[in-house]
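See below for the structure under consideration.
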Amino acid sequence: MKTLNTINAIRKELHPLRLANKRIALVPTMGNLHAGHISLVKEALKHADVVVSTIFVNPMQFGPNEDLDSYPRTLEADKEKLAHAGNHFLLTPSVKEIYPNGLNQTTVHVPGCTECLCGEKRPGHFDGVTTVVTKLFNMIQPDVAIFGQKDFQQLTTIRKMVVDLCFPIKIIGVETCREADNLAMSSRNGYLNTRERNTAPKLYHALKQIKSALLSAEKDHATLLRNTRQSLDETGFSTDYLEIRDADTLAKPGANSTRLVILGAAFLGKTRLIDNLTLELNQ
Ligand code: PAF
């Protein structure tokens with residue numbers, strides 16, 4: 001695996017490969033890689049001849065009181081995992097390389113699906129994500145790009161951005177990797193103390209209970225969500241949101257919505273966890 005730090009260096013490597021008709025896949029990450037990230041690389045290898053992963057802790061997608069400075073940075077361990085997974089190129093640009101003129105620069109805003117859920121709770125977050133992903137798309141010019149379904153709203157937003165801005169890139173979503181107790185893998189799980197770590201899987205259990213109720217034709221979403229939220233809060237969470245949405249648009253489900261997604265975000269202490277579960281109503 002070759003590790004490069006600059007846009008010019010990765011472009012130089014990819015140019016001859018593109019001329020030789022090699023398919024290129026992009027796996028964008030912020031590092032501190034776990035099995036979930038590696039599953040993205042494995043998926044990328046199925047769709048392309050050349051896999052480019054990126055590690056960049058993107059300052060533009062962090063709010064002023066969020067964990068930009070403490071976000072775990074584990075480059076050497078990450079490199080080993082990527083090389084072992086069969087990744088070909090790793091791009092680890094500096095903040096200066098990505099934002100040469102600082103953060104006050106052109107941004108990409110995807111309207112609609114970014115205005116609710118994490119978009120509402122973390123103002124500016126998705127503009128930071130879509131701006132950096134657009135930069136990565138322009139640098140790497142991949143044929144496919146791979147994202148985890150754990151960040152469901154991010155995936156929906158990127159899918160919309162690709163259509164809206166005519167990027168000739170296929171977006172592939174990969175199922176969430178879970179620990180043995182079903183906690184969704186996340187770099188932020190490392191912040192949890194033992195008590196919080198033991199509580200954490202209950203977020204997913206709550207989503208599963210909501211899913212069962214919906215599949216049993218429960219129509220009173222408001223009461224279902226209120227009761228589940230209350231039991232989460234009684235367990236030690238501070239629930240940020242718990243919602244049932246149309247899985248394609250993230251709008252409130254309408255009479256014609258058959259594919260739904262239940263999305264939750266909740267704090268355990270200072271750590272904010274997110275998770276989601278999709279379902280087909282005519283299952
Ligand atoms: O999902 C992430 O790790 C980040 O949001 C991404 C897509 C790498 C953009 O910084």
Side-chain angles (χ1 to χ4, degrees), residues 7 10 25-41 43-44 51-63 66-75 77-78 81-82 85 87 89-99 103 105 107-110 113-114 117-119 121-140 142 144-162 165 167 169-177 184-191 250 263 265 271-276:
I7 301 169
I10 190 72
L26 169 66
V27 181
T29 82
M30 298 207 299
N32 193 235
L33 305 182
H34 49 65
H37 296 109
I38 299 308
S39 74
L40 305 183
V41 173
E43 186 65 27
V51 177
V52 182
S53 292
T54 61
I55 294 182
F56 179 65
V57 182
N58 173 31
M60 199 189 266
Q61 70 188 76
F62 286 78
E66 295 184 350
D67 56 344
L68 173 63
D69 292 335
S70 57
Y71 198 84
R73 288 155 170 94
T74 52
L75 185 57
D78 292 348
K81 288 177 193 170
L82 287 171
N87 185 68
F89 293 99
L90 170 61
L91 178 68
T92 58
S94 66
V95 173
K96 190 86 192 145
E97 183 73 8
I98 299 289
Y99 297 110
L103 295 187
Q105 64 132 70
T107 55
V108 178
H109 174 70
V110 177
C113 61
T114 61
L117 309 164
C118 285
K121 301 288 178 181
R122 303 181 67 191
H125 168 69
F126 285 114
D127 287 0
V129 170
T130 45
T131 300
V132 82
V133 169
T134 296
K135 282 174 176 267
L136 295 172
F137 284 177
N138 286 333
M139 285 169 212
I140 310 297
V144 291
I146 321 285
F147 295 86
Q149 283 173 7
K150 173 171 174 278
D151 295 300
F152 195 90
Q153 190 173 13
Q154 170 173 284
L155 179 59
T156 308
T157 301
I158 287 164
R159 286 193 196 285
K160 178 165 164 53
M161 178 182 86
V162 161
L165 298 184
F167 279 112
I169 300 172
K170 183 173 180 195
I171 302 299
I172 294 172
V174 175
E175 211 172 295
T176 304
C177 274
M185 287 188 188
S186 161
S187 300
R188 291 192 168 100
N189 292 349
Y191 298 150
L250 296 185
L263 305 112
T271 308
R272 187 172 182 275
L273 302 177
I274 59 170
D275 204 348
N276 67 80

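In this text the structure is predicted, and so the values were computed from the model without any measurement. Counting starts at 1 for both ligands and their atoms, following the listed order.
Between T176 and F152, every side-chain heavy-atom pair lies at or beyond the 4.5 Å cut-off.
Atoms of ligand 1 found under 4.0 Å from any heavy atom of Q154 (numbered from 1 in listed order, with element): 1 (O), 2 (C), 4 (C), 5 (O), 7 (C). Each of the following atoms of ligand 1 lies closer than 4.0 Å to a heavy atom of V132: 9 (C), 10 (O). Those atoms of ligand 1 that come under 4.0 Å of a heavy atom in T29, given as number and element, are 8 (C). Counting atoms of ligand 1 from 1 in the listed order, those under 4.0 Å from a heavy atom of P28 are 8 (C).
Within 6.0 Å of CD on E66 lie more than 12 heavy atoms contributed by other residues, nucleotides or ligands. Within 6.0 Å of atom NZ in K81, more than 12 heavy atoms from other residues, nucleotides or ligands are found, so the atom counts as buried in its surroundings.
The aromatic rings of Y99 and F56 sit tilted, their planes meeting at an angle between 30° and 60°.
Taking atom 3 (O) of ligand 1 as the reference point, the nearest protein heavy-atom neighbour is M30 CG, 3.6 Å.
The closest heavy-atom contact to atom 9 (C) of ligand 1, among the options M60, Q61, H37, comes from Q61.
Taking each heavy atom of L155 and Q149 in turn, the nearest pair found is CD2-CG, 3.7 Å.
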